[in-house]
Amino acid sequence: MFKMTPNVLRNLISKKATRRYPRQVRPPYESVRGELRNDSTQCNLCGACALKCPSQCITVDKTAGTWTCDPFACVYCGVCVDTCPAQSLTQKREYRPPAVERQTIFMQGEPRKKTKTPEAVESG
Amino acid sequence: MILTTVYVLTGFVIGPLLGGLISGLDRILTARLQSRIGPPILQPFYDAAKLLGKEKTVVNVWQAFCAFGYLAATSMAVVLFFLRSDLLLILFIQAVGAVFLVVGALASTSPFSQVGAHRELLQILSYEPLLVLVVVGIYLETGSFKIGSVLTHPEPLLLKLPFLFVVLGYALTIKLRKSPFDLSTSHHAHQELVKGLLTDYSGPYLALTEIGHWYEIMLLLGLCALFWATHWVGMTILIVVTYFMEVLIDNVSARMNWRWMLGYVWAMGLTLSLVNLIWLYTA
Amino acid sequence: MQGDIIAVGPETLVREAAQAKVDGYRLVTLSCVELDAETVDILYHFDKDLTLKHLRLTVPKGTPVPSISAVHWAAFLAENEIQDLFGLHFTGLAVDYEGTLYLEDEVRRTPFCRYSIRQSDKNTPAPDARQEMGEN
Amino acid sequence: MFKTVIPFGPQHPVLPEPIHLKLTVEDERITEAIPSLGFVHRGLERLADLRDFHQMIQVVERVCGICSMIHAVCYCQGIEELMAVEVPPRAKFLRVIWSELHRIHSHLLWLGLFADSFGFESLFMQFWRIREKIMDINEATTGNRVIISVNVVGGVRRDLSHAQIKWVLSELQMIEQDIKRLENTMLSDYTIKKRTVGKGLLTAPQASELGAVGPTLRGSGVAQDIRQTGYAAYGELDFEPVVETDGDCYARCKVRFRETLASIDLILQAIANLPAGETRQKVKGRPEGETVTRVEQPRGELLYYIKANGNKNLERLRIRTPTFANIPALLTMLPGMWLSDVPVIVLSIDPCISCTER
Amino acid sequence: MLKNLIQKSRIKSPWLLHYDCSSCNGCDIEVLACLTPVYDIERFGIINVGNPKHADILLVTGTVNQRNKKVLVNLFDQMPHPKAVIAIGSCALSGGIFREAYNVVGGVDKVIPVDVYVPGCPAKPEAIIDGVVLGLEKLKTASLPARL
Amino acid sequence: MMTNTLTSTLVLLPFLAAGCCYVLRSNRVRSLVVLVTGFLLIISAVGLIPLTPFTLSAGNLLGVRVHDLVMVADFLLLFLILYFGFKHRSLVVKILSLLQILLVAYLEFFLIKEVPATGTIYCDSLALIMVLIVSVVGSIICFQAIPYMRNHEAHLRLDKSRQHRFFLVMILFLGAMNGLVLSNDLLFFYFFFEVTTLCSFLLIAHDHTATAIQNAVRALWMNSLGGAAFIVGLTGLYYQSGHLDLQLIIINASPGARVFLLSLALLCLAAFTKSAQFPFQSWLLGAMVAPTPVSALLHSSTMVKVGVYLVLRLAPAIHGTFLSQCVAIFGAFTFLAAAALAVGQSNGKKVLAYSTISNLGLIFACAGLNTPQSVTAGILLIVFHAFIKALLFLCVGTIEQHIASRDIEDMRGVYATMPLTALITVMGVIMMIMPPFGVLLSKWMAMEAAARSFYLILIITLGSALTVMYWARWAGTLMSDPFAGRFKPERQPLLTWGALGALSAGAAVLSLAAPWIYTRMIAPAMSGTYLLPYRASGGILENAAGVFAVLPLSVVAAVGFILSIWAVKRAAGARIVAPYLSGIQVTEPGMFKGPMNRLVKAEAKNYYLSSIFGEHKLTAWVNLGAGVLLILMLGGTL
């Protein structure tokens with residue numbers, strides 16, 4: 001009976017396993033697949049990401065020159081990053097922070113012309 | 001008269017405050033034994049205050065009645081304890097609280113609540129005789145059921161009633177809802193009965209049962225304290241050790257079922273009590 | 001595909017399944033595949049010491065299929081699933097959920113039949129699942 | 001005798017997942033248990049109509065978040081078989097490593113939840129604490145804690161660097177130590193034995209007849225483990241299935257506990273024998289034909305039936321998950337047991353309802 | 001004074017109810033992982049109570065499907081005010097990768113009002129903690145009952 | 001003179017009124033007779049309070065010696081029983097009644113040389129308490145029987161009312177009881193003892209169904225056994241002492257004499273049969289077939305109380321003997337065993353019956369323990385048990401007439417349809433198990449008294465824990481209803497309300513007045529033989545070992561009660577939610593959507609633990625145990 005006793009007593013005297021999260025943030029690992037970013041200077045709006053995305057959360061409108069991602073549907077698999085021919089898609093190491101409203105990641109680029117100062121705009 | 005008032009107020013006010021603190025310490029200690037940091041020590045008070053400020057929802061208005069009844073009975077028991085009244089009477093009044101809690105749980109038709117209530121009844125069935133026997137042991141040793149007389153007993157009761165102290169430990173474990181006896185409801189709702197007995201108490205009424213439980217903690221630790229009533233150092237050590245053992249046992253054992261509880265507690269408890277009582281008779 | 005495939009008919013199915021049990025095979029599962037608007041394939045996968053054996057039953061959608069749950073009790077779950085998803089009817093099911101194993105009334109019946117919908121469900125003519133989902 | 005009818009689930013603290021059991025009990029003895037499913041049914045097999053066969057990898061990974069890696073392995077194997085793709089050996093070994101990491105984290109998770117099912121909270125905390133280390137390995141090596149998404153048709157997307165391998169080895173050593181420290185508690189504590197021994201009995205013939213798989217089957221004394229077929233790189237590793245003969249919850253617990261240690265051993269072997277080379281074979285074309293593939297999940301045998309007709313969408317994808325096979329066994333275990341045993345018995349098959357219902 | 005105490009306590013003692021709609025378990029185990037020593041959300045007074053009648057915060061993981069949407073509404077209704085709903089993971093936010101499947105209704109906000117969205121697939125324990133903290137804002141500002 | 005009038009009112013008026021009930025077949029007149037008799041009984045009993053203690057001699061009635069009248073009546077009675085024995089072909093009854101006839105004849109014609117001139121009637125505080133209980137509780141039950149029997153017969157659709165017979169026996173019973181407790185001459189006592197046997201037989205058989213008659217015959221033979229034991233005991237006593245004066249026997253008790261002790265043991269045996277102790281419990285359980293007022297009467301104020309009264313009476317005589325210890329153990333055993341059996345019952349009336357047996361067992365234990373505290377406890381328990389048990393039986397009867405079942409499970413949520421009755425029932429239950437009410441007060445005394453005897457205290461603590469279990473369960477079940485505040489006001493006949501109200505209020509007030517009952521009634525009864533066990537001051541009962549603050553606690557309880565009611569009032573504004581059903585509840589109350597999309601009722605039934613506490617499991621063992629104890633008791637006196 002009470003075979004667990006040595007373990008719990010060890011826990012009592014040893015250092016606690018808890019990471020005091022908000023106060024003490026552990027730096028993310030090198031290769032973490034976090035929030036999706038599109039580098040507007042590189043994106044050529046080819047639409048490969050939209051085609052390959054398993055979650056179908058990216059829409060690219062070539063004529064209007066927009067690139068939209070629904071971050072709430074994104075599954076962070078990184079397939080789009082792997083397939084992006086222009087390597088404009090990257091994943092940050094952090095996850096997207098919680099929000100109180102629906103959001104989309106929206107990017108307005110020049111239709112058909114790249115490298116023209118498109119802005120990345122986020123709108124709620 | 002003034003002294004009486006002081007006692008009443010102490011029991012009524014200090015009782016739950018101390019009880020709440022102890023259950024806060026309990027949670028921290030539990031967390032530490034699990035290699036966690038645990039909540040702040042005032043956590044039980046936050047919980048209770050939050051619950052008091054919640055919307056009132058009931059399944060049946062009798063739950064409100066019973067929650068108040070439970071609180072009234074347990075606080076009364078603690079007050080009587082501070083008034084140095086009759087131990088047996090205090091046990092009876094404490095049982096009233098337990099019964100009210102059960103009746104309130106039975107007032108809901110949820111099977112979880114009902115099954116919890118029955119398990120609580122089985123728990124009462126298990127620990128009630130033990131508590132009475134402990135008190136009987138105290139009576140045999142000191143010649144009185146009155147706490148006043150027990151306190152003036154010249155030597156620590158623990159020396160004469162060691163087995164009965166163990167028996168009290170069984171009752172304490174059941175009463176504090178610690179593993180392996182947290183059958184009817186447990187502090188953490190990870191069991192087959194959801195929150196068992198307390199499933200359908202909610203909001204302020206749940207807060208009342210919490211506060212009632214603090215009184216119960218106080219009462220039971222008071223009973224433990226009687227076993228070393230001759231000196232406050234001994235008393236403190238006894239209580240601290242006992243409570244630590246309770247938390248430790250909670251953390252090193254699985255929850256058992258009521259059949260095992262009834263069989264084990266009665267077999268062990270009654271045997272130990274009998275041994276100790278016979279020893280007292282023959283001594 | 002690993003393992004032998006034995007074609008069976010509705011009349012020999014239960015016998016074959018029972019024989020498999022006698023031979024020491026464990027029923028792995030049933031897979032149902034819609035072949036065209038009228039017929040479905042039901043594959044009964046069996047396993048014995050890590051080798052597979054399959055019974056292939058090809059039946060028209062309308063006809064009831066004998067349940068093997070009397071022989072392999074565990075088949076009732078898979079058969080109920082097929083009942084839900086393909087609208088087939090199994091006769092002699094050990095526990096019959098009558099098409100409510102997974103689906104609520106709000107969902108169209110037989111979501112796995114892409115070619116047609118079952119005639120008996122014509123009182124609620126649900127749109128074809130494909131259109132509902134949006135053609136890709 | 002009066003009957004009490006208890007709706008056990010779908011929302012219930014001891015059930016991590018929604019399944020409903022209509023329990024009929026007399027006093028507290030169960031006389032009847034009827035399940036109701038469908039609370040997690042999404043219909044993802046039909047998503048094959050909307051997603052191409054590459055995208056389906058991400059979908060099948062989300063059949064179950066606990067053994068996502070192994071689902072993907074099974075699916076990829078099937079597609080690779082249909083397309084006759086030869087997977088590079090290094091990828092095969094990496095698949096084994098991550099699969100076994102998943103098995104360890106799944107078993108640790110289960111051991112914790114199992115401890116919780118009989119109210120042993122501190123043991124639960126202890127196992128989950130160890131499990132966090134595995135999650136860290138997952139995150140560091142693949143980029144996500146749970147759904148690691150490393151499989152592609154023809155190999156894996158990530159490789160292990162030398163430094164990572166070293167770190168993983170040291171972590172595993174610590175994990176092994178930590179787990180072994182709990183062996184005495186999990187396998188010989190009086191209260192735990194009292195709650196698990198003799199509960200949910202399943203004899204070997206019963207288990208085979210009811211189609212039980214995985215630790216549920218092996219706990220009843222049937223030595224069957226799909227890893228014996230030698231898929232991925234298992235054929236090249238030294239491996240014995242873990243078997244117990246008692247057929248009760250305690251036996252299943254022992255099987256899983258020992259499998260956890262066996263998995264660590266497998267990873268060590270795989271790392272030691274890790275061949276150099278490519279990790280991914282480029283694939284072209286589309287799958288055609290039908291196939292059945294099987295792998296061993298933490299919960300048991302997983303079977304994929306894939307039928308493709310040369311389109312980019314599969315014609316039929318059928319997933320038979322281990323819990324689906326274990327549910328009939330569970331239903332026969334319950335009657336006659338006590339209400340307090342329900343969580344223990346239900347958890348003893350390690351139910352994964354999202355697998356079952358897909 | 002009492003009002004302040006209660007409002008403070010609400011932030012200090014959020015009790016969780018976790019309901020798994022039709023999640024793949026990924027987010028569920030991350031929710032559970034929050035309770036365990038490494039994250040130990042009991043530091044914030046958070047307990048997973050598993051009973052809607054005791055809960056302040058409803059954590060929902062997974063897509064809502066036709067069968068469990070009623071369960072979700074039932075649970076939400078049984079929670080006493082003030083209460084907050086936190087949707088966790090892509091599936092709960094929008095239906096995620098499954099949102100086009102035939103039995104899927106979509107995100108949680110199609111059925112009950114959602115206060116906080118925690119993205120991720122699955123959401124990390126840290127993100128869940130952040131989400132709960134965000135949800136506390138709502139509890140703090142909620143009105144007190146007319147009579148205590 | 002006053003005492004004479006009052007006494008004869010108490011004893012003879014019922015006989016007269018009973019005759020009236022039989023002769024006057026009008027419902028109204030009968031009701032009036034019952035009411036008037038009841039009130040007269042109550043008034044006379046209360047009138048006796050200032051006059052006790054007193055002794056009376058039964059002189060002559062209509063020129064005949066009362067003694068001879070009683071003798072003749074005795075023979076008539078025994079022959080009547082013999083007739084019933086023949087009628088219902090019960091060999092045991094035949095044998096036992098013949099034996100009794102022979103023994104009575106032997107006693108009367110051969111042994112008794114002279115009839116005592118004085119002291120045939122003796123009324124001390126104990127007798128007074130019994131008279132009060134019989135008159136007050138018994139009358140109230142008879143009042144309630146008026147509307148009850150009307151309903152009952154309407155329900156049975158009888159062609160011809162049998163109420164005249166019913167009330168004949170009911171009223172007669174009260175007279176017999178009063179006579180019994182006032183008799184000091186044991187022959188008188190024996191006569192009334194036999195009257196109660198016959199009355200109970202007639203009442204149990206009242207409905208004339210096959211079961212009723214079967215159960216009635218069983219009651220008859222078991223009680224005849226008691227009667228036979230009694231008369232054998234009497235013969236022995238007469239041999240030993242040469243007279244049958246109860247008081248003299250008690251005072252001059254010579255415990256050394258074996259015959260004497262055996263005779264007393266036989267009297268105790270007779271008491272056990274009357275009080276339906278194990279193994280004679282079956283007659284009382286069988287008596288449940290009778291209309292509920294009969295059960296109420298048998299269980300509370302009459303019949304079963306005969307036994308405990310007799311043993312409490314004899315307690316000083318057996319003080320310090322082995323017999324006394326045996327009685328204590330036997331009583332404690334019955335207390336525990338009956339409580340255990342009650343846990344296994346779902347039939348409400350059976351629970352009440354086992355509870356009665358259990359409580360009587362406790363009284364026997366108190367009597368056998370034979371200390372001042374325990375005897376006080378026993379007497380108090382008689383009082384409170386009478387009130388509350390009568391109340392509970394009447395409640396169950398009322399509920400039964402409404403829901404057509406006496407099963408506890410069917411009473412689930414009866415609060416919704418009969419709020420007031422349900423509340424009164426719950427109150428009755430609360431008074432059975434909770435301080436500061438009288439039953440618990442007596443239990444407290446009993447426990448403190450038994451604390452010095454470890455086997456007794458062990459049995460009693462286990463028994464009282466079981467008691468809490470079956471009562472609490474029942475109280476909760478009555479309230480188990482999901483809808484709050486939606487009940488309709490309940491309609492019952494005035495007499496029913498009156499009876500329930502009077503009994504519950506009576507029990508509550510008496511609980512409050514327990515210290516005064518103690519000083520005014522019990523202390524005088526004790527003073528002769530025992531040291532006074534408690535000091536009563538300021539509503540607090542106290543001695544060196546313990547203290548029970550009756551009045552302060554009652555005040556606190558009352559305040560708590562009022563607060564709780566206030567809480568209920570406020571909770572009425574709370575949102576009503578469905579009970580927790582794992583989230584799959586539907587709008588229909590208590591239903592959930594189960595497998596196959598079917599609606600299922602989430603039923604929760606009480607635990608009766610029939611695998612442990614079922615009658616089929618326990619009865620044989622309990623009877624065996626009790627039998628062994630009885631043999632030990634009788635054998636030990638030799």
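Throughout, protein chains are lettered first and strands after them, A, B, ... in sequence-line order, and every chain is numbered starting at 1.
Looking at B/Phe181 and B/Arg255, their side chains never come closer than 4.5 Å, going by heavy atoms from C-beta outward.
Of the listed residues (E/Leu139, E/Val38, E/Asp56), the one with the most heavy-atom contacts under 4.5 Å to chain B is E/Asp56. Annotation: maximal heavy-atom pairing with chain B below 4.5 Å, among E/Gln78, E/His81, E/Met79, occurs at E/His81. Top candidate by heavy-atom pairs under 4.5 Å with chain E, chosen from B/Gly203, B/Ser35, B/Ala49, is B/Ala49. For chain E, the option among B/Ser202, B/Ala31, B/Pro39 with the highest count of heavy-atom pairs below 4.5 Å is B/Pro39.
B/Ile28 does not touch chain E: none of its heavy atoms, backbone or side chain, sits under 4.5 Å away. Proximity to chain B is limited to the side chain of E/Lys8, based on heavy atoms less than 4.5 angstrom apart. Heavy atoms of B/Thr199 lying under 4.5 Å from chain E belong to its backbone as well as its side chain. Only the side chain of B/Gln43 comes within less than 4.5 Å of a heavy atom in chain E; its backbone stays farther off. For chain E, the nearby parts of B/Ile37 are the backbone and the side chain; heavy atoms of each come within less than 4.5 Å.
Residue pairs meeting the side-chain hydrogen bond (donor to acceptor under 3.5 Å, both in side chains) criterion with at least one member in residues 67-77 of chain B, sequence neighbours excluded, are B/Tyr70-B/Glu216.
Separation of the B/Trp214 and B/Phe45 ring centroids falls under the 6.0 Å cut-off.
The structure places CD of B/Gln123 at 10.5 Å from CG of B/Leu262, a figure rounded to the nearest 0.5 Å.
Note that E/Lys83 lies in the cation-pi zone of E/Phe76, set by a 6.0 Å cut-off to the ring centre and a 45° limit from the axis.
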Exercise for the section: Applying side-chain hydrogen bond (donor to acceptor under 3.5 Å, both in side chains), run through E/Asn48 and E/His18 and close with a yes or a no. Expected result: CA-CA 7 Å; E/Asn48 183 14; E/His18 166 225; 5.4 Å; no
